[in-house]
Engineer: 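Okay, handing you the structure first.
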Amino acid sequence: MNQSIKKSQRIVVKIGTSSLIYANGSVNLASIDQLAFSLSALQKEGKEVILVTSGAIGVGLDKLNLKKRPTSIPEQQAIAALGQATLMNIYSQRFSSYNQETAQVLLTRDIIDYPVSRENVTNTIEQLIKMDIIPIINENDTVSVEEMDHQTKFGDNDKLSAIVAGLTNADLLIMLSDIDGFYSANPLENPDAKLYRQVQEINDDLMERAGAAGSRFGTGGMASKLKAAKLILENNQSMILANGSDPRIILDIVAGEEIGTLFSKVDDGREND
Ligand SMILES: Nc1ncnc2c1ncn2[C@@H]1O[C@H](COP(=O)(O)OP(=O)(O)O)[C@@H](O)[C@H]1O
Ligand SMILES: N[C@@H](CCC(=O)OP(=O)(O)O)C(=O)O
């Protein structure tokens with residue numbers, strides 16, 4: 001039983017496209033409902049919850065019945081703008097059924113470089129939390145195209161979620177993906193790969209073990225999750241990477257169950273194989 005995780009009061013949850021969109025491209029409504037249920041339950045318990053969500057492009061592609069992302073950045077931006085509105089609409093409906101208000105916050109990752117922007121963002125998020133409203137954050141894909149060099153990639157909410165966790169002094173970042181945690185190699189390519197239960201430091205050897213995205217819609221792959229974890233460790237914060245196929249796993253994590261990979265400088269007694 002993990003007591004320090006159990007005590008986490010302010011929790012940032014990041015959910016990736018692979019957990020929100022089925023492999024066939026349709027929106028996974030069950031998953032969104034389970035997410036809304038879990039976060040609303042935590043909020044009612046008195047925890048402070050912030051959601052960082054991907055999925056704008058995935059939902060936009062579904063609306064247009066497109067089977068893969070266009071390569072041009074403006075097309076991806078347009079699809080993100082289309083999908084974001086629908087994504088928020090779905091969240092708003094599902095959270096409402098648990099009597100929980102939500103608000104949309106669209107950010108760019110460079111907010112931390114501009115003190116005024118940083119303060120404005122912090123003030124908004126803190127006020128929403130005070131009002132018991134769950135901020136639902138995504139990257140502002142219309143403004144930010146930081147990954148333009150990589151024609152197949154767009155956005156990186158892993159890093160954004162670590163920035164948000166830092167900005168809000170969160171006790172815990174829960175990063176949900178389509179895999180049980182960080183393995184010694186990509187399990188899709190290497191069935192003997194072992195799950196790391198705790199990582200206390202990100203070094204070059206670990207970075208080399210992190211491969212690309214596994215799903216058609218995911219962007220960052222494991223490397224971007226490790227970079228986010230690095231930021232978290234630098235800030236002396238904690239992150240758990242876990243499988244978001246059923247987002248109710250969030251409740252088990254916060255209850256202190258040993259799930260996924262814990263990134264924390266403090267030894268938690270989790271044993272790696
Ligand atoms: N060492 C590793 N451990 C776990 N997963 C890995 C590793 N290397 C590459 N991956 C791949 O990273 C994928 C998760 O990244 P991604 O598809 O971007 O997810 P998300 O959409 O949740 O952000 C996994 O499905 C897996 O195929
Ligand atoms: N802003 C983009 C984020 C893309 C992104 O980071 O996706 P993922 O790798 O699934 O977390 C979107 O909502 O589609």
Side-chain angles (χ1 to χ4, degrees), residues 12-39 50-97 100-111 121 128 133-148 150-161 163-164 175-178 212-221 224-225 228 244-245 247:
V12 176
V13 173
K14 187 261 168 175
I15 190 150
T17 308
S18 56
S19 310
L20 297 169
I21 308 287
Y22 288 115
N24 69 10
S26 300
V27 181
N28 187 337
L29 293 172
S31 191
I32 296 181
D33 188 53
Q34 289 156 356
L35 182 63
F37 166 78
S38 307
L39 299 189
I50 298 163
L51 175 62
V52 176
T53 185
S54 303
I57 295 180
V59 171
L61 290 173
D62 186 31
K63 285 196 85 149
L64 295 175
N65 217 4
L66 293 174
K67 289 299 160 208
K68 66 179 182 62
R69 281 171 192 246
T71 46
S72 90
I73 296 294
E75 277 175 292
Q76 292 189 36
Q77 287 177 285
I79 291 167
L82 170 76
Q84 176 66 24
T86 306
L87 180 63
M88 274 316 293
N89 196 13
I90 300 170
Y91 273 127
S92 171
Q93 278 178 6
R94 296 326 306 148
F95 275 98
S96 294
S97 72
Q100 178 61 54
E101 293 298 334
T102 54
Q104 170 181 264
V105 176
L106 296 178
L107 299 180
T108 52
R109 272 168 280 156
D110 61 6
I111 39 161
V121 170
L128 286 168
I133 299 170
I134 296 183
I136 301 188
I137 301 176
N138 195 354
E139 180 143 43
N140 187 333
D141 294 321
T142 302
V143 176
S144 172
V145 287
E146 291 188 38
E147 303 266 319
M148 259 169 76
H150 320 125
Q151 285 298 314
T152 54
K153 287 188 192 167
F154 189 67
D156 176 3
N157 277 353
D158 296 331
K159 180 146 184 227
L160 181 67
S161 65
I163 290 173
V164 167
M175 193 171 289
L176 297 179
S177 185
D178 61 352
S215 73
R216 197 149 45 100
F217 300 110
T219 55
S224 82
K225 289 175 204 337
S245 59

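Numbering starts at 1 and runs along the sequence shown. Only this structure's heavy atoms are used, side chains among them; waters, hydrogens and symmetry mates stay out.
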Engineer: State, yes or no, whether a side-chain contact exists between I163 and L107 at a heavy-atom distance under 4.5 Å.
Structural biologist: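 No. Closest side-chain heavy atoms not under 4.5 Å.
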
Engineer: Considering non-hydrogen atoms only, spot the tightest contact between S18 and D178 and give its length.
Structural biologist: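 Smallest interatomic distance, heavy atoms only, reads OG-CB, 3.5 Å.
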
Engineer: Search all heavy atoms of I21 against all heavy atoms of G58 and return the closest pair with its distance.
Structural biologist: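 Where I21 meets G58 most closely, the heavy atoms are CD1-C, 3.7 Å.
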
Engineer: Can you tell me if N157 uses its side chain to pair, donor with acceptor, with the backbone of T53 under 3.5 Å?
Structural biologist: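 Indeed, once roles are kept as given, a pair shorter than 3.5 Å links the two residues.
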
Engineer: Determine whether P247 and D33 make a side-chain contact, defined as any pair of heavy atoms from C-beta on separated by less than 4.5 Å.
Structural biologist: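 In short, these two side chains do not touch, never coming nearer than 4.5 Å.
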
Engineer: Decide if atom CD of Q93 counts as having more than 12 heavy atoms of other residues, nucleotides or ligands within a radius under 6.0 Å.
Structural biologist: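 Check passes, neighbour count above 12.
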
Engineer: Which residues pass the side-chain contact (heavy atoms from CB on, under 4.5 Å) test with T86, not counting sequence neighbours?
Structural biologist: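 Here the qualifying residues are V59, K63, I90.
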
Engineer: Who passes salt bridge (Lys or Arg N to Asp or Glu O under 4.0 Å) against D62, sequence neighbours left out?
Structural biologist: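 Once residues adjacent in sequence are excluded, D62 has no partner under the salt bridge (Lys or Arg N to Asp or Glu O under 4.0 Å) criterion.
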
Engineer: What's the verdict on side chain to side chain contact (heavy atoms under 4.5 Å, CB included) for Q100 and I134, showing C-alpha distance, side-chain angles and the deciding distance?
Structural biologist: CA-CA 8 Å; Q100 178 61 54; I134 296 183; 3.5 Å; yes

Engineer: Under the side chain to side chain contact (heavy atoms under 4.5 Å, CB included) criterion, do I79 and L66 qualify, and how do the steps go?
Structural biologist: CA-CA 10 Å; I79 291 167; L66 293 174; 3.9 Å; yes

Engineer: Any chance the side chains of D141 and Q84 put a donor and an acceptor closer than 3.5 Å?
Structural biologist: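 Their side chains do not contain a donor-acceptor pair, so the 3.5 Å distance test is not met.
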
Engineer: Going from CD1 on I32 to CZ on F95, what distance comes out if it is rounded to the nearest 0.5 angstrom?
Structural biologist: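 The distance works out to 9.5 Å.
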
Engineer: Return the CG to CZ distance between L29 and R94, rounded to the nearest 0.5 Å.
Structural biologist: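 Taking CG in L29 and CZ in R94, the distance rounds to 8.0 Å.
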
Engineer: Assess the residue pair I50 and V105 against the criterion (side chain to side chain contact (heavy atoms under 4.5 Å, CB included)); give the C-alpha distance rounded to whole Å, side-chain angles, the decisive distance to 0.1 Å, and a yes or no.
Structural biologist: CA-CA 10 Å; I50 298 163; V105 176; over 6 Å; no

Engineer: Could you list all the salt bridge (charged side-chain N to carboxylate O under 4.0 Å, His left out) pairs where at least one residue sits in residues 13-24, not counting sequence neighbours?
Structural biologist: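 Matches after skipping sequence neighbours: K14-D158.
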
Engineer: Within the side chain of Q104, is there an N or O that forms a donor-acceptor pair under 3.5 Å with the backbone of I136?
Structural biologist: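 Absent.
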
Engineer: Do you know the tightest heavy-atom contact between R69 and I57?
Structural biologist: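 Minimum heavy-atom separation between R69 and I57: NH1-CD1, 3.5 Å.
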
Engineer: Distance from F37 atom CZ to S97 atom OG, nearest 0.5 Å?
Structural biologist: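 With rounding to 0.5 Å, CZ (F37) is 10.5 Å from OG (S97).
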
Engineer: Measuring from S26:OG to N65:CG, what's the distance to the nearest 0.5 Å?
Structural biologist: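 Answer for the OG-CG pair, S26 versus N65, is 8.5 Å.
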
Engineer: With heavy-atom distances below 4.5 Å as the criterion, would you say the side chains of L51 and L35 are in contact?
Structural biologist: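 A side-chain contact exists here, since the closest heavy-atom pair is under 4.5 Å.
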
Engineer: Closest approach of S177 and K225, non-hydrogen atoms and distance?
Structural biologist: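 Where S177 meets K225 most closely, the heavy atoms are OG-CE, 3.5 Å.
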
Engineer: Calculate, to the nearest 0.5 Å, the distance between atoms OG and CG belonging to S245 and N28 respectively.
Structural biologist: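 It comes to 9.5 Å.
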
Engineer: Would you indicate whether Y91, at its atom OH, is surrounded by more than 12 heavy atoms from other residues, nucleotides or ligands within a distance under 6.0 Å?
Structural biologist: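 Atom OH in Y91 is packed in, count exceeds 12.
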
Engineer: Indicate the atoms forming the closest heavy-atom contact of A56 with N138, along with that distance.
Structural biologist: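 Taking every non-hydrogen atom into account, CB-ND2, 3.7 Å.
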
Engineer: Show the nearest heavy-atom pair for residues G244 and L176, with the distance to one decimal.
Structural biologist: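 What the structure gives for the nearest pair is CA-CB, 3.8 Å.
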
